[in-house]
Amino acid sequence: MFIMTSPPTVSLCCSPLATAPLSEQDADDLAGVLRALADPVRLRLVSLIYASASDEVCACDFPALVDRKQSTVSHHLSQLVKAGLINREQRGKWAWFTIDEARFASLCRVLDTRCG
């Protein structure tokens with residue numbers, strides 16, 4: 001049985017930064033996503049998923065890969081899922097994580113109008 005537990009993929013808050021000033025709400029929304037990435041462990045987790053040959057990583061593998069306890073890894077993964085940057089799929093006992101490509105593409109477009 002597979003259960004997907006992640007927020008729906010949606011575009012980020014706003015137009016590219018270079019095209020118009022952010023509203024207060026848009027700035028809050030974007031800051032929340034950037035805060036989710038502004039941690040070395042979370043950046044490593046994202047990098048490990050991106051670099052995975054299968055484009056997914058089991059939660060069971062992360063503690064050894066980042067040299068952190070399972071509870072710490074779970075906290076960081078939940079923050080990334082909450083921000084919509086990664087997707088979580090439950091498979092039996094373990095959760096598997098993938099990158100939300102559309103969300104990262106959206107983030108790229110907000111930060112740089114040259115992103116496609």
Original post:
Is the closest side-chain heavy-atom distance between His75 and Thr72 below 4.5 Å?
Top reply: no

Original post:
Sub-3.5 Å donor-acceptor pair from the side chain of Arg35 to the main-chain atoms of Val33, do we have one?
Top reply: no

Original post:
Are Leu37 and Leu80 side-chain neighbours, meaning at least one heavy-atom pair lies under 4.5 Å?
Top reply: yes

**OP:** Take Val57 and Thr98 through the side-chain contact (heavy atoms from CB on, under 4.5 Å) test and state the conclusion after the steps.
**Re:** CA-CA 7 Å; Val57 178; Thr98 57; over 6 Å; no

Original post:
Hey, what do you get for SG (Cys60) to CH2 (Trp94), rounding to the nearest 0.5 Å?
Top reply: 5.0 Å

Original post:
Side chains of Leu65 and Leu45: closer than 4.5 Å at any heavy-atom pair?
Top reply: no

Original post:
What do the steps show when you test Glu56 against Ile49 for side-chain contact (heavy atoms from CB on, under 4.5 Å), and what is the final call?
Top reply: CA-CA 6 Å; Glu56 63 181 4; Ile49 299 168; 5.8 Å; no

Subject >> Contact check, side chains of Phe104 and Val46, non-hydrogen atoms, under 4.5 Å >> reply: yes

Subject >> Side chain to side chain, Phe62 and Leu77, heavy atoms closer than 4.5 Å >> reply: yes

Subject >> Spacing of CD belonging to Glu89 relative to SG belonging to Cys58, to within rounding of 0.5 Å >> reply: 11.0 Å

**OP:** Output the distance between atom CD1 (Ile86) and atom CZ (Arg103), rounded to the nearest 0.5 Å.
**Re:** 12.5 Å

Original post:
Heavy-atom distance under 4.5 Å between the side chains of Gln90 and Arg88, does that happen here?
Top reply: yes

Subject >> Nearest-0.5 Å distance, NE2 of residue His76 to OG of residue Ser71 >> reply: 9.5 Å

**OP:** Look at the side chain of Gln25 and the backbone N and O of Asp28, then say whether any donor-acceptor pair between them is shorter than 3.5 Å.
**Re:** no

**OP:** Quick one: pull up CG in Leu111 and CG in Leu30 and give me the separation to the nearest 0.5 Å.
**Re:** 6.0 Å

Subject >> Within-4.5 Å side-chain heavy-atom neighbours: Tyr50 and Asp55 >> reply: no

Original post:
Which atom pair, heavy atoms only, marks the closest approach of Pro63 to Gln70?
Top reply: CG-OE1, 2.9 Å

Original post:
So Ile99 and Asn87, side-chain contact (heavy atoms from CB on, under 4.5 Å) or not? Walk me through it.
Top reply: CA-CA 6 Å; Ile99 295 295; Asn87 301 307; over 6 Å; no

Original post:
Do Thr19 and Thr113 come close enough that some side-chain heavy atom pair is under 4.5 Å?
Top reply: yes

Original post:
When rounded to the nearest 0.5 angstrom, what is the spacing between CG in Leu85 and CZ in Arg42?
Top reply: 10.0 Å

